[in-house]
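Numbers for residues simply follow the sequence, beginning at 1. Remember, predicted model here, so these are calculated numbers, not experimental data.
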Amino acid sequence: MAERLRPGRLAWGDQVRVGASGLRARPARVILSALGIAIGIATMVAVVGISSSSKARLLAELDELGTNLLRVTPGQTLFGETANLPAESLAMVRRIGPILTAGSTGDTGEPVFRSDRIPATQTSGLTVRAASLDLLDSLQTAVRHGAWLNEATAAQRAVVLGSVAAQRLGLRVGHQVWIKGQWWTVTGVLDSTPLAPEVDRSALIGYPAAGTYLQYEGYPTTIYTRSEEAAVTDVREVLPRTANPEHPEEVEVSRPSDALSARAAADSAFTNLLLGIGAVALLVGGVGVANTMVISVLERRREIGLRRSLGATKGQVRGQFLTESLLLSVLGGVAGALLGTLVTVGYAAWRDLPAVVPLWALGGGLAATLLVGTVAGIYPAMRAARMSPTLALSTA
């Protein structure tokens, strides 16, 4: 009995070489088709990379500033009026066990001017605040130039400017500012305080000087506390009753670091939107690959008929065109991943951010290209495999 003939099998390497030969024959079309995939992958990688870089910077900032800062402010009375914290509220808050340090500021309601020639309406959004001597310990803010208030200067007409206030006034240490008809000497300028932006826009003076020269009553309007990390939630619960035992409902307690956490959440939502745009671009690229492969099948009917006549099976023809589709998609995917990485690194360098490109983004992008290549190549490959050898040769 005659032995049944079996068709030869192509090794994986041979299959790839056959598929690559089809792409090399049409370089211009291949480049344009791969460009659609590359744009989609580059968009997705760049979006994830830029978002991850921004988030890394934000988390580093949170770690540096700490999440154990709580801010106590007066709320409103039952009649809708602005409440006051008791003058002794800072001392009472300091007695809470887990609190490491506490400082306060009091809004005097007075503006600060560069000179006595500035109209009273041009305040530049700057105000004068009385400050306790341990305020900087609570905010973990450094003095950029000059010196912070001490027991002596807190009772004199001495001013320490926040970073924004110093910039808007255009003043340095040793210059003078005009406050309520009097000249005050600038003794220091602070670094930026991200968790207390109101301090950046303030001219800070001592409580004794505020009472003597501005007739300030001494009520703190904001108390800043640093507590042990593990006890922040418990401290937050007892602060209203401690700061104002008679009217705890008139006390508001906030956690400034929550604003940075909210920013991280907002960045994530925006990232999801941009990822959707990248997915649409990838889908369009996949349609371009499918279109290229369909046209390739129609143009290469003679090649298909000749291969079938020489003994190539339907599976081998199907594998050839599916391999071409995958190679085309992978070419675009690799180019897109590199482009997206370069965009992320360039943006991070421009904005002074840590360059972060998650490996899952690169892996996910390449996996997406394989999926797109497979889906885009299935129909053209099946169409080529179903083509009759005689019909392909006669119509070529």
Flag if over 12 foreign heavy atoms under 6.0 Å of CE, M92: yes
What I'd like to find out is whether the side chain of P74 reaches to under 4.5 Å of the side chain of N84, using heavy atoms alone. no
Backbone N/O of L366 and side chain of T369: donor-acceptor pair under 3.5 Å: yes
Please evaluate residues V112 and V159 with respect to the criterion side-chain contact (heavy atoms from CB on, under 4.5 Å), reporting the C-alpha separation (whole Å), side-chain torsions for both, the decisive distance (0.1 Å), and the verdict. CA-CA 10 Å; V112 56; V159 176; 5.8 Å; no
Taking atom CD as the centre, does E229 end up with more than 12 heavy-atom neighbours from other residues, nucleotides or ligands that are less than 6.0 angstrom away? yes
What is the minimum heavy-atom distance between A210 and T108, and which atoms define it? CB-CG2, 4.4 Å
Please say whether more than 12 non-hydrogen atoms of neighbouring residues, nucleotides or ligands are located less than 6.0 Å from CZ in R144. yes
Would D134 and R94 pass as an ion pair if we require N to O under 4.0 Å? yes
Inspect the surroundings of CD in Q182 and state if more than 12 heavy atoms from other residues, nucleotides or ligands are less than 6.0 Å away. yes
Report yes if the side chains of L239 and V251 come closer than 4.5 Å at any heavy-atom pair, otherwise no. no
Between atom CZ of R255 and atom CZ of R236, what is the distance when rounded to the nearest 0.5 Å? 6.5 Å
Please report the interatomic distance CD1(I205) to CG(L149), rounded to the nearest 0.5 Å. 9.0 Å
S329 side chain vs L326 backbone, donor-acceptor pair below 3.5 Å: no
Let me check something: do V253 and V93 share a hydrophobic cluster, defined by ILVMFWY side-chain heavy atoms less than 4.5 Å apart, either directly or through other members? yes
With a 4.5 Å limit on heavy-atom distance, are the side chains of D116 and W183 in contact? yes
Q167 CD: over 12 foreign heavy atoms closer than 6.0 Å: no
Hey, does L370 have a side-chain heavy atom less than 4.5 Å from the side chain of V330? yes
With hydrophobic residues grouped by side-chain heavy-atom distances under 4.5 Å, do V334 and L331 end up in a single group? no
To the nearest 0.5 Å, atom CG of L190 lies from atom CG of L204 at 6.0 Å
I'd like to know if the side chain of S53 reaches the main chain of V356, judged simply by a donor and an acceptor atom lying under 3.5 Å from each other, with no hydrogens or angles considered. yes
Answer yes or no: is there a donor N or O on one side and an acceptor on the other, between the side chain of R226 and the main chain of S138, under 3.5 Å? yes
Do Y207 and S104 have side-chain atoms, one donor and one acceptor, less than 3.5 Å apart? yes
Judged by modelled atom types alone, do T73 and T222 share a side-chain donor-acceptor pair under 3.5 Å? no
Side-chain donor or acceptor of T193 paired with backbone N/O of T141 under 3.5 Å: no
Yes or no on side-chain contact (heavy atoms from CB on, under 4.5 Å) for L161 and L169, after CA distance, side-chain angles and deciding distance? CA-CA 9 Å; L161 299 178; L169 293 173; 4.2 Å; yes
Positive for side chain to side chain contact (heavy atoms under 4.5 Å, CB included) with V199, one of V160, L139, V164: L139
Kindly indicate, with the supporting measurements, whether the criterion side-chain contact (heavy atoms from CB on, under 4.5 Å) is fulfilled by I39 and L339. CA-CA 9 Å; I39 291 174; L339 180 60; over 6 Å; no
The reported gap from CG in L338 to CD1 in I41 (rounded to nearest 0.5 angstrom) is 11.5 Å
Between the side chain of T153 and the main-chain N/O of N150, is any donor-acceptor distance below 3.5 Å? yes
With a 4.5 Å heavy-atom cut-off, do V235 and E237 have their side chains touching? no
With a 4.5 Å cut-off on side-chain heavy atoms, are W148 and T187 touching? no
Min side-chain heavy-atom separation R114-L171 under 4.5 Å: yes
May I ask you to check whether over 12 heavy atoms, not counting those of Q215, lie within 6.0 Å of atom CD? yes
d(R168 CZ, D200 CG) to nearest 0.5 Å is 9.5 Å
Find out if a path of hydrophobic residues (ILVMFWY) with successive side-chain heavy-atom gaps under 4.5 Å connects L135 to L195. yes
Electrostatic pair E198:R71 at N-O distance under 4.0 angstrom: yes
How long is the span from the CZ atom in R157 to the OG1 atom in T185, to the nearest 0.5 Å? 8.0 Å
Would you say V177 and L214 are hydrophobically clustered, going by side-chain heavy atoms of ILVMFWY under 4.5 Å? yes
Side-chain touch E110/Y213, heavy atoms, less than 4.5 angstrom: no
On a heavy-atom basis, the closest approach of A154 and L133 is CB-CD2, 3.9 Å
Same cluster or not: V232 versus Y224, using hydrophobic residues (I, L, V, M, F, W, Y) connected whenever any side-chain heavy atoms lie under 4.5 Å apart? no
